[in-house]
Amino acid sequence: MKINFTKKEYAALVEMILTADWVIHAHDSEPSDATKRYAELRRKVLSHHKEMGMEDAFEYAPEDDDYYETADYEENSHHMRLIEEYDERSLWETLATKLAHRDLAAQDATSTAKPLPPKQRAVKFFEIEGHYREELEENGLDNVRIEPK
């Protein structure tokens, strides 16, 4: 199969691939066999960067047989702003969700009453989570404290 891309479409595809690559590999310390096929596809797509008008966006590193974003491209790229926005939203959502799970589990552990039915438990969870979402939206981390052990 052959797919033809305009330079604009190719640039958008590259941004999508780099965004996915960030999600897949950002926290890896070593290459993984499980994600090798994604890295290979990234390399294959980026190998066409010059012919698609993105010669200033990437540099080839023969020692790695891979392509890397130039500092200027990475600093000014749209996909990095999307990643930063995603990370920011994920932080607050994940924090609120994990705190709500923790609090509900603590209530379960200290309660002598029968466990709540699933629907009531879900309602209680969303109430707790909503409280944390509001708190974090209004105050960020200002009121978050970790007590010493």
Side-chain angles (χ1 to χ4, degrees), residues 3-50 52-61 64 66-111 115-149:
I3 302 173
N4 294 315
F5 290 102
T6 66
K7 289 180 179 181
K8 189 174 181 179
E9 290 169 334
Y10 177 81
L13 177 63
V14 164
E15 287 185 352
M16 289 174 62
I17 288 173
L18 293 175
T19 302
D21 187 64
W22 181 274
V23 170
I24 295 167
H25 296 112
H27 300 288
D28 290 351
S29 56
E30 295 291 325
S32 165
D33 287 340
T35 61
K36 184 178 179 180
R37 64 188 179 134
Y38 303 127
E40 290 171 353
L41 181 58
R42 174 189 175 278
R43 186 172 31 257
K44 184 175 185 176
V45 170
L46 293 181
S47 72
H48 298 279
H49 74 282
K50 287 182 182 177
M52 296 305 284
M54 296 184 75
E55 54 277 339
D56 295 335
F58 300 94
E59 297 172 344
Y60 178 69
D64 297 332
D66 206 353
Y67 298 86
Y68 297 97
E69 297 96 319
T70 61
D72 187 53
Y73 176 75
E74 187 171 7
E75 186 177 310
N76 296 305
S77 66
H78 180 67
H79 79 279
M80 287 307 295
R81 286 190 295 282
L82 294 174
I83 290 168
E84 289 167 6
E85 290 172 14
Y86 173 81
D87 285 349
E88 183 72 15
R89 283 185 300 225
S90 293
L91 167 69
W92 302 118
E93 290 178 17
T94 302
L95 184 56
T97 298
K98 288 189 177 284
L99 289 170
H101 279 297
R102 178 205 62 189
D103 290 359
L104 194 56
Q107 286 178 12
D108 290 346
T110 60
S111 175
L116 291 173
K119 187 174 180 178
Q120 287 178 322
R121 183 176 174 74
V123 167
K124 182 69 173 168
F125 170 80
F126 288 118
E127 285 174 4
I128 297 169
E129 186 186 44
H131 164 74
Y132 281 122
R133 285 181 189 272
E134 288 174 20
E135 173 61 33
L136 293 168
E137 187 176 312
E138 289 175 21
N139 299 301
L141 295 174
D142 290 347
N143 295 330
V144 175
R145 301 284 178 266
I146 297 176
E147 298 175 9
K149 289 183 177 187

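Keep in mind it's a predicted model, so treat the numbers as computed, not measured.
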Q: Please collect all salt bridge (Lys or Arg N to Asp or Glu O under 4.0 Å) contacts where either partner lies in residues 68-96, sequence neighbours excluded, each pair once.
A: R42-E69
Q. Mind checking what makes side-chain contact (heavy atoms from CB on, under 4.5 Å) contact with E59, not counting sequence neighbours?
A. T70
Q.
Here's a test for you: under side-chain contact (heavy atoms from CB on, under 4.5 Å), which of E9, K8, K7 qualifies with M52?
A. K7
Q: List for me each residue that meets salt bridge (charged side-chain N to carboxylate O under 4.0 Å, His left out) alongside R102, sequence neighbours excluded, and say none if there are none.
A: none
Q: Find out whether H79 and Y73 are in side-chain contact, i.e. whether some heavy atom of one side chain is under 4.5 Å from a heavy atom of the other.
A: yes
(Q) Go through it in stages, so that I can follow the logic: the residues are Y132 and D103, the test is side chain to side chain contact (heavy atoms under 4.5 Å, CB included), and I'd like the CA-CA distance, side-chain angles, deciding distance and then a yes or no. (A) CA-CA 11 Å; Y132 281 122; D103 290 359; 2.3 Å; yes
Q: If the plane angle is over 60° it's perpendicular, under 30° parallel, otherwise tilted; pick one for Y60 and Y67.
A: tilted
Q. Could you walk me through whether H49 and V14 pass the side chain to side chain contact (heavy atoms under 4.5 Å, CB included) check?
A. CA-CA 9 Å; H49 74 282; V14 164; over 6 Å; no
Q: Would you indicate whether the side-chain heavy atoms of Y10 and M54 approach each other to under 4.5 Å?
A: yes
Q) In chain order, what residues pass the ring-ring contact (aromatic ring centres under 6.0 Å, His included) check against F125, with sequence neighbours excluded? A) H101
Q) Atom OG1 in T35, atom CG in L41: separation rounded to 0.5 Å? A) 12.5 Å
(Q) Determine whether a donor-acceptor pair (N or O, by modelled atom type, separation under 3.5 Å) exists between the side chain of R145 and the backbone of D142. (A) yes
Q | Gap between atom CZ of R43 and atom OH of Y38 - 0.5 Å precision | A | 15.0 Å
**Q.** Where at least one partner belongs to residues 119-134, residue pairs that pass salt bridge (Lys or Arg N to Asp or Glu O under 4.0 Å), sequence neighbours excluded
**A.** D108-R121, E129-R133
Q: Could you grab the distance from atom NZ of K50 to atom CG of D56, nearest 0.5 Å is fine?
A: 10.5 Å
Q | Qualifying residues under side-chain contact (heavy atoms from CB on, under 4.5 Å), relative to L136, sequence neighbours excluded | A | W92, L95, A96, V144
Q) Should we say atom OH of Y86 is surrounded by more than 12 heavy atoms from elsewhere, each under 6.0 Å from it? A) no
(Q) What's the separation between atom CG in L116 and atom CG in L104, rounded to the nearest 0.5 Å? (A) 7.5 Å
Q.
Can you tell me how far apart CG (L82) and CG (L18) are? Round to the nearest 0.5 Å.
A. 11.5 Å
